[in-house]
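Taking it in order: structure first as structure tokens, then the write-up.
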Amino acid sequence: MKPRLLQHGPLMASLESALAEHFDLQLLSKQTDRQAFLAGRGGEFTGLVTSARFGADRALIESLPKLAVIASFGVGVDAIDLAAARERGVAVSNTPDVLTDCVADLAFGLLIDVARRLSAAARFVRRGDWLKGQFPLATRVSGKNLGIVGLGRIGTAIARRAGGFDMPVRYHSRRIIENCPYDYEASLPALADWADFLVIACAGGAATRHLVSREVIDALGPDGFLVNISRGSVVDEPALVEALLAGRLGGAALDVFDDEPNVPPALFGLDSVVLLPHIASATRETRQAMADCVLANLRSWVDAGRLLTPVG
Ligand code: 8YV
């Protein structure tokens, strides 16, 4: 008999079919009465497969009394109640490493876009405005100061890319990293003050909520640019919108938002912002590698009783 696996939220079609080959897969989203389904059948599932987007809250974890493992598609686990999982002895896996390069590539794409105004210039051409005059000058990237918030796998990959642009790099994180080639800045406002570009690459969740505050945004200032490929929750979004509208911040390039897929409409008319629909890991190659990682974790759990990429 195949082990019972509950799926929360949609996944790539190829992953869903691969999972269905190895597991008795039930989709929570297909249940018309979710509460009644969980109350009646929650005890059947030892595994839950979810994503960084859908996560697993305490109520869901507690409605699955035999739950032993949660496998999540994505590296961020801020939407999973890890405390609830720990209390119940539930092991959790994510998909680190395989998405690092694509996320770092996109961070640099955003950085160049917002500084050189690529998206804005493309809109200018499509509007026919080139026929009427020149596009305004933009901001140089090479050689400028890059501040990175969170120097984990993704932050480090962004720092490596900065080497190709001769950008001095400094970072801010919970603690200093030994033998790190980049200078540590204990104060985030001080890092923002030094930086021409501030890239957010730390984990989301309660510990980093609104870390990029009004004070940090003002320290980055009218000549500075914010790039976010982490989580919208890390930034005080209303303060960011206010600063952009008032011209107190040079620009922002955002792949993530506080209430996705809702983006503050006040940003739509601004050429100083680049807005993307959370696509940092969204390449065919990386998403397939993430799917393979989810499947490999679940199969290893069943076959060997251990996860390949456990969280924490
Ligand atoms: C994906 C992400 O958008 O890995 C993460 O933490 O946010 C992204 O890679 C997500 O996994 C899709 O749910």
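Numbers here are sequence positions counted from 1.
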Go through the steps for D113 and S119 under the test side chain to side chain donor-acceptor pair (under 3.5 Å), then give the verdict.
CA-CA 6 Å; D113 190 333; S119 299; 2.5 Å; yes
Test side chain to side chain donor-acceptor pair (under 3.5 Å) on E260 and H278 and set out the steps.
CA-CA 8 Å; E260 294 173 11; H278 199 149; 2.7 Å; yes
With side chain to side chain donor-acceptor pair (under 3.5 Å) as the criterion, how do E16 and Q7 come out once you've worked through the C-alpha distance, each side chain's angles and the decisive distance to 0.1 Å?
CA-CA 9 Å; E16 286 191 12; Q7 178 181 331; 2.7 Å; yes
Apply the test side-chain contact (heavy atoms from CB on, under 4.5 Å) to residues I70 and V49: give CA-CA distance (whole Å), side-chain angles for both, the deciding distance (0.1 Å), then the verdict.
CA-CA 6 Å; I70 299 174; V49 61; over 6 Å; no
Could you walk me through whether S300 and R306 pass the side chain to side chain donor-acceptor pair (under 3.5 Å) test, one step at a time?
CA-CA 6 Å; S300 167; R306 63 179 193 91; 4.8 Å; no
Just do the salt bridge (charged side-chain N to carboxylate O under 4.0 Å, His left out) check on R214 and D236 with the steps written out, would you?
CA-CA 7 Å; R214 176 184 302 270; D236 181 342; 5.6 Å; no
Worked check of side-chain contact (heavy atoms from CB on, under 4.5 Å) between T46 and L5:
CA-CA 7 Å; T46 49; L5 181 67; over 6 Å; no
Run the numbers on S93 and V69 for side-chain contact (heavy atoms from CB on, under 4.5 Å), then give the verdict.
CA-CA 8 Å; S93 70; V69 63; 5.5 Å; no
Walk me through whether V92 and L307 qualify under side-chain contact (heavy atoms from CB on, under 4.5 Å).
CA-CA 8 Å; V92 178; L307 291 169; 5.7 Å; no
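Taking the side chain as every heavy atom from C-beta outward, L99 and T283 never approach each other to under 4.5 Å. For the pair V216/V235, no side-chain contact is recorded, criterion being any heavy-atom separation below 4.5 Å from C-beta on. Looking only at side-chain heavy atoms (C-beta outward), I229 and I158 come within less than 4.5 Å of each other. Taking the side chain as every heavy atom from C-beta outward, E237 and H210 never approach each other to under 4.5 Å. You'll find the side chain of L245 stays beyond 4.5 Å of the side chain of L267, heavy atoms only. In this structure, the side chains of F73 and R53 stay at 4.5 Å or more apart for every pair of heavy atoms. Counting only heavy atoms from C-beta outward, the side chains of D183 and W194 never approach each other to under 4.5 Å. Taking 4.5 Å as the limit, some side-chain heavy atom of Y184 sits within range of a side-chain heavy atom of S173.
Listed for the T100 side chain is no donor-acceptor partner under 3.5 Å among the backbone atoms of P96. Within the 3.5 Å criterion, the main-chain N or O of A190 finds a donor-acceptor partner in the side chain of S187. Judged purely by atom type and a 3.5 angstrom limit, Q134 has no side-chain atom pairing as donor or acceptor with the backbone of W130. Side chain of R58 to main chain of D81: no donor-acceptor pair is present (N/O by atom type, distance under 3.5 Å, no hydrogens or angles). Side-chain atoms of N297 come within 3.5 Å of backbone N or O of C293 as a donor-acceptor pair. At distances below 3.5 Å, not a single donor-acceptor pair connects side-chain atoms of S230 with backbone N or O atoms of A201. Between the side chain of Y182 and the backbone N or O of G147, no donor-acceptor pair lies under 3.5 Å. A donor-acceptor pair is defined here as one N or O able to donate and one able to accept, closer than 3.5 Å; no such pair exists between the side chain of E185 and the backbone of H172. Side-chain atoms of K144 come within 3.5 Å of backbone atoms of R140 as a donor-acceptor pair (strictly under, hydrogens ignored). Put simply, the side chain of D255 gets close to the backbone of I279: a donor and an acceptor are under 3.5 Å apart.
In this structure, CD1 on I200 lies 13.0 Å from CD1 on I154, to the nearest 0.5 angstrom. With values rounded to the nearest 0.5 angstrom, C102 atom SG is found 6.5 Å from E285 atom CD. To the nearest 0.5 angstrom, L188 atom CG is 11.0 Å from D193 atom CG. If you take CG on L19 and CG on L27, they are separated by 10.0 Å, rounding to the nearest 0.5 Å. Atom SG in C180 sits 13.0 Å away from atom CZ in R170 (nearest 0.5 Å).
Considering only residues two or more places apart in sequence or on other chains, A120 meets the side chain to side chain contact (heavy atoms under 4.5 Å, CB included) condition with R117, R123, F135, D271.
Summarising the geometry of A85 relative to I61, their closest heavy-atom pair is N-CD1, 4.1 Å, with the distance given to 0.1 Å. Residues L67 and G47 share a closest heavy-atom pair of CD1-C, 3.7 Å. When all heavy atoms of S272 and V114 are compared, the closest pair comes out as O-CG2, 3.6 Å. Between A195 and L220, the closest heavy-atom pair is O-CD1, 3.7 Å. In terms of heavy-atom proximity, N145 sits nearest to P168 at OD1-CG, 3.5 Å. Closest non-hydrogen pair, S72 versus T95, comes out as O-CG2, 3.5 Å.
F197 has its ring centre less than 6.0 Å from the ring centre of F225.
Sparse packing is recorded around CZ of R174, with 12 or fewer heavy atoms of other residues, nucleotides or ligands lying under 6.0 Å away. Other residues, nucleotides and ligands place more than 12 heavy atoms under 6.0 Å from the NZ atom of K2. Sparse packing is recorded around CZ of R116, with 12 or fewer heavy atoms of other residues, nucleotides or ligands lying under 6.0 Å away.
Using a 4.0 Å cut-off between a side-chain N of Lys or Arg and a carboxylate O of Asp or Glu, D101 and R161 qualify as a salt bridge. Classification of R248 and D218 as a salt-bridged pair holds, one side-chain N sitting under 4.0 Å from a carboxylate O. Between R299 and E21 there is no salt bridge, since no side-chain nitrogen of the basic residue lies less than 4.0 Å from a carboxylate oxygen of the acidic one.
F257 is connected to V149 through a chain of hydrophobic side-chain contacts under 4.5 Å among Ile, Leu, Val, Met, Phe, Trp and Tyr, so both are in one cluster. One hydrophobic cluster, built from ILVMFWY side chains closer than 4.5 Å, holds both F108 and V75. By the rule that hydrophobic residues join a cluster once side-chain heavy atoms approach within less than 4.5 Å of another member, L6 and I80 end up as members of one cluster. One hydrophobic cluster, built from ILVMFWY side chains closer than 4.5 Å, holds both L276 and V103. Taking hydrophobic clusters as Ile, Leu, Val, Met, Phe, Trp and Tyr residues chained together by side-chain heavy-atom distances below 4.5 Å, L111 does not share a cluster with L249.
Ring pair F54/H8 is perpendicular by interplanar angle, where above 60° counts as perpendicular and below 30° as parallel.
Residue pairs meeting the salt bridge (charged side-chain N to carboxylate O under 4.0 Å, His left out) criterion with at least one member in residues 26-39: none, sequence neighbours excluded.
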